[in-house]
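Read through the structure below, which is laid out as structure tokens, and then see the notes.
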Amino acid sequence: PINDEQARHLIHGYHAATSFMDAQLGRVLDALDQNGFADNTVIVLWGDHGWHLGDHGLWCKHTNYEEASHIPLLIVAPGVTKPGTRTRALVETVDLYPTLCELAGITAPSGLDGASMVNVLKTPSAAGKEAVHHVFPRDARMGRAVRTARYRLVEWRENGEPADRAVFELYDYEADPAETKNHASDKPDVVAQLRALLAKY
């Protein structure tokens, strides 16, 4: 349990670290501008996880919830991206390598898990992937998750356990963006549809 004073201290520390990182990034961008490299340098800033700041009673990154799995991702590609634009398209970190290959004019190797997102960088309203995936364990169970624009399904089961023994969490981001209700029992059709997507992965 964390009291209000400790929570404020932790949130303050998180925001301080973010502000410090922002200042350091500003120094890098200023140096690119001052040395004439801003017009031919692709910049990618991303993190490998989000962070819970008390939501769900958690103070960590180790979950399958939106706050932990939704990562910061910013890309500046001269001649491709437009300042101040953003997208709601679904992309994954495995998409970064093929994206950088395309931006650099390099042919990406075959057999990659990711796909270039240059079309989304050019047109932020363009569709991204139908779904993205992530995996994180909880105790002895592995949580395999699939996220679409509206839903996230997390399948929990132990390694080697048959699929019919799985337990599910289903979150609906239109009805409940804070993930306060598991809809797995009242939306079996959605669970079945997302299980099929998860089975392809």
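One-based numbering along the sequence shown. Since this is a predicted model, take the numbers as computed values, not measurements.
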Given the rule that I, L, V, M, F, W and Y join up when any side-chain heavy atoms are under 4.5 Å apart, are [X] and [Y] in one cluster?
X: V44; Y: I71; answer: yes
X: Y14; Y: L10; answer: yes
X: L53; Y: M21; answer: no
X: L74; Y: V80; answer: no
X: V118; Y: V42; answer: yes

Please round to the nearest 0.5 Å and tell me the distance separating atom [atom1] of [X] and atom [atom2] of [Y].
X: L96; Y: C101; atom1: CG; atom2: SG; answer: 11.0 Å
X: H62; Y: H52; atom1: NE2; atom2: NE2; answer: 10.0 Å
X: W156; Y: F136; atom1: CH2; atom2: CZ; answer: 8.5 Å
X: L73; Y: L45; atom1: CG; atom2: CG; answer: 8.5 Å
X: L121; Y: K82; atom1: CG; atom2: NZ; answer: 10.0 Å
X: N159; Y: M142; atom1: CG; atom2: CE; answer: 5.5 Å

| request: For I11 and W59, run side chain to side chain contact (heavy atoms under 4.5 Å, CB included): C-alpha distance rounded to whole Å, both residues' side-chain angles, the deciding distance at 0.1 Å, then the answer. | output: CA-CA 10 Å; I11 292 169; W59 298 88; 3.9 Å; yes
| message | Test of understanding: with side chain to side chain contact (heavy atoms under 4.5 Å, CB included), list the residues that count as partners of H9, not counting sequence neighbours. | response | none
| Which residues pass the side chain to side chain contact (heavy atoms under 4.5 Å, CB included) test with Q6, sequence neighbours left out? | I2, N3
| message | Tell me if the centroids of the rings in H183 and Y171 come within less than 6.0 Å of each other. | response | no
Of all the heavy-atom pairs spanning [X] and [Y], show the shortest one and how long it is.
X: A89; Y: A126; answer: CB-O, 3.8 Å
X: T99; Y: A115; answer: OG1-O, 4.1 Å
X: E67; Y: D55; answer: CG-OD2, 3.1 Å

| said: Connecting only ILVMFWY residues whose side-chain heavy atoms lie within less than 4.5 Å of each other, what is the rest of F168's hydrophobic cluster? | reply: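 Answer for F168: V146, Y151, L153, L170, V190, V191, L194, L197, L198.
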| Testing E130, E169, E66 for salt bridge (Lys or Arg N to Asp or Glu O under 4.0 Å) with R147, which one passes? |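 Among the candidates, only E66 passes.
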| query | Does the T87 side chain pair with the main chain of S125, one donor and one acceptor, at a distance under 3.5 Å? | reply |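 It does not hold such a pair.
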| field | Sole candidate of V94, L90, V91 that passes side chain to side chain contact (heavy atoms under 4.5 Å, CB included) when paired with V132 | value |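 Testing each of V94, L90, V91 against V132, the sole residue satisfying side chain to side chain contact (heavy atoms under 4.5 Å, CB included) is L90.
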| said: Taking side chain to side chain donor-acceptor pair (under 3.5 Å) as the cut-off, I'd like each qualifying pair that reaches into residues 113-124, sequence neighbours left out, listed once. | reply: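 Matches after skipping sequence neighbours: E102-S116.
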| field | Exceeds 12 heavy-atom contacts within 6.0 angstrom, atom CD of E5 | value | no
| request: Could I get the full list of ring pair (Phe, Tyr, Trp, His ring centres under 6.0 Å) partners for H49, not counting sequence neighbours? | output: W51
| message | For D172 and K181: C-alpha separation, side-chain torsions, deciding distance, then whether salt bridge (Lys or Arg N to Asp or Glu O under 4.0 Å) applies. | response | CA-CA 8 Å; D172 180 344; K181 179 172 173 35; over 6 Å; no
| field | Carboxylate-amine/guanidinium proximity below 4.0 Å for R152 and E179 | value |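 Salt bridge: yes.
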| field | Sidechain N-carboxylate O distance under 4.0 Å for R141, E158 | value | no
| message | Taking salt bridge (charged side-chain N to carboxylate O under 4.0 Å, His left out) as the definition, give me every residue that meets it alongside K129, ordered by chain and number, with sequence neighbours left out. | response |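 K129: salt bridge (charged side-chain N to carboxylate O under 4.0 Å, His left out) contacts with E92, D95.
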| message | Taking the side chain as everything from C-beta on, heavy atoms only, tell me whether T93 gets closer than 4.5 Å to W46. | response | yes
